[in-house]
Amino acid sequence: MAGLKSVRELINVTAEWFEEKGVDAPRVCAERLLSECIGLSRLELYINSDRLISTQELDSFRGLVRRRAAGEPLQHLLGETEFYSKPFKVQPNVLIPRPETELLVEECIKCLTDSNSSIVAPKAVELGVGSGIISVSIAAEIPRLEVHGTDISEDAIKLSEVNARLNGVSGRVSFHLGDLFEPLPDRLLGNIDLLVSNPPYIKSDEIEELATEVAVHDPHLALDGGKDGLDFYHKIAIGAKKWLNDHGKLILEIGSEQGNDVCKILEASGFRNTSVKKDYNGMDRIVIADIEKENCNG
Ligand code: GLN
């Protein structure tokens, strides 16, 4: 039929249009959305670049393209994303996984495989699981690990359970609905080897200044760290001291300007060996600390 565009043509015009509208990674974005609409992988799009797009396919593609240009995140339009090389479902009321958070997973794995390698059945806890990316990724990497994750959002817990099943780790990862430590089983008290969290850390009055994708489409519950962005670090520091065991480690994601403050908060609660690690963009992103308990020699 005359007038129909091919895969190649449609990707080219859409990528240009996205670029004009200031959409990030315009070509990849056009390809991912077209993949979704016509049921071909990105590789298949290249192989079938002369295939014509039907009017019906074009209508559904245009709908998604308009929503993306208006600031709706690609991940929400696709309903899925990749994190630490694994597929994760996403949904609008739960924070979209960020690539920087992969570094947190790497540090958790290092910590559980290096210094604590003698522990037969290590236990990790994640506070504020969101879509479950950290809990699921560390469980998938360390087959003997038992993981417990908590979140105050029921949607986050349900989504995390879906993602644990999707990645085959639901037998070793349990998700609990409630605020921070509150829903954890009592048997874990003083018995946790690793505590990890990517808590909300944006200053309340800075949320509206973030990109539309974040300010409008990410849940503020997962972003808002209070007036100075540090509310959750105070709460976590206090609880962590009780819940970690004698050689327990704490690994936290932080905002790029919060390294010093978070180290000070942790040190004031009795943590030691605090260190700040940078992400792949050279920004401070992680704080790691050891617990300091009486009679602890290691
Ligand atoms: N890293 C996220 C952002 O910059 C914030 C996530 C969080 O508050 N933990 O939007």
Side-chain angles (χ1 to χ4, degrees), residues 71 73 75 83 90 92-108 125-135 149-153 155-156 160 178-182 194-244 249-291:
Q75 295 91 331
F83 179 84
V90 295
N93 40 8
V94 180
L95 188 82
I96 293 173
R98 310 290 207 257
E100 308 88 89
T101 304
E102 291 186 337
L103 195 64
L104 213 61
V105 171
E106 264 169 32
E107 290 300 329
C108 290
V125 163
E126 182 188 1
L127 304 174
V129 292
S131 54
I133 49 170
I134 300 174
S135 290
T150 73
D151 205 293
I152 200 162
S153 150
D155 290 326
S160 294
D179 190 20
L180 298 174
F181 300 90
E182 178 260 320
L194 171 72
L195 189 72
V196 57
S197 183
N198 172 17
Y201 56 66
I202 310 287
K203 292 179 186 168
S204 306
D205 59 8
E206 289 183 359
I207 293 179
E208 297 305 332
E209 295 159 24
L210 300 172
T212 310
E213 281 84 345
V214 182
V216 177
H217 295 284
D218 268 323
H220 288 197
L221 188 66
L223 298 170
D224 192 342
K227 195 169 185 318
D228 60 3
L230 298 169
D231 281 6
F232 288 90
Y233 300 107
H234 289 284
K235 294 182 190 172
I236 291 172
I238 295 166
K241 180 100 179 149
K242 285 193 294 184
W243 285 86
L244 282 168
K249 276 216 179 199
L250 179 60
I251 301 185
L252 299 172
E253 183 168 321
I254 56 161
S256 57
E257 284 160 16
Q258 295 171 329
N260 282 343
D261 289 332
V262 173
C263 286
K264 273 193 213 140
I265 292 169
L266 295 179
E267 281 155 12
S269 282
F271 282 86
R272 59 177 182 177
N273 295 330
T274 50
S275 64
V276 180
K277 304 229 168 197
K278 292 190 188 301
D279 63 20
Y280 311 110
N281 296 318
M283 314 287 262
D284 286 353
R285 188 60 60 201
I286 291 181
V287 166
I288 302 182
D290 289 351
I291 188 93

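Atoms considered below: every heavy atom in the structure, side chains included; atoms not considered: hydrogens, waters and symmetry mates. Throughout, numbering of the chain's residues begins at 1 and tracks the sequence.
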Close side-chain approach of F83 and E102, heavy atoms under 4.5 Å
yes

Could you check if a side-chain atom of C263 sits within less than 4.5 angstrom of a side-chain atom of V287, using non-hydrogen atoms only?
yes

Closest heavy-atom contact between [X] and [Y]?
| X | Y | answer |
| --- | --- | --- |
| L104 | N198 | CD2-CB, 4.1 Å |
| I265 | A237 | CG2-CB, 4.0 Å |
| A215 | I207 | CB-O, 3.4 Å |
| G71 | E213 | O-CG, 3.3 Å |
| N281 | D279 | N-OD1, 2.8 Å |
| N93 | P219 | O-CG, 3.4 Å |

Rounded to the nearest 0.5 Å, how far apart are [atom1] of [X] and [atom2] of [Y]?
| X | Y | atom1 | atom2 | result |
| --- | --- | --- | --- | --- |
| D261 | H234 | CG | NE2 | 8.0 Å |
| T101 | I96 | OG1 | CD1 | 12.0 Å |
| S131 | D155 | OG | CG | 12.0 Å |
| K203 | L223 | NZ | CG | 15.0 Å |
| L103 | I286 | CG | CD1 | 3.5 Å |
| N260 | D284 | CG | CG | 8.0 Å |

Show your working on side chain to side chain contact (heavy atoms under 4.5 Å, CB included) between L244 and F271 and close with a plain yes or no.
CA-CA 11 Å; L244 282 168; F271 282 86; 3.9 Å; yes

Does CD belonging to E257 count more than 12 external heavy atoms closer than 6.0 Å?
no

Using only atom types and a distance under 3.5 Å, with no angle test, would you say the side chain of [X] pairs donor to acceptor with the backbone of [Y]?
| X | Y | answer |
| --- | --- | --- |
| S197 | L252 | no |
| D228 | L230 | yes |
| Q258 | Y201 | yes |
| S160 | G130 | yes |
| R285 | I254 | yes |

My understanding is that only one of L266, I288, D290 makes a side chain to side chain contact (heavy atoms under 4.5 Å, CB included) with T274; could you say which?
L266

Does D218 come within less than 4.0 Å of R98, counting only side-chain N to carboxylate O?
yes

Chi angles and distances behind the side chain to side chain contact (heavy atoms under 4.5 Å, CB included) call for L250, I291
CA-CA 8 Å; L250 179 60; I291 188 93; over 6 Å; no

Intermediate values then yes/no, side chain to side chain contact (heavy atoms under 4.5 Å, CB included), F181 and L127:
CA-CA 7 Å; F181 300 90; L127 304 174; 3.6 Å; yes

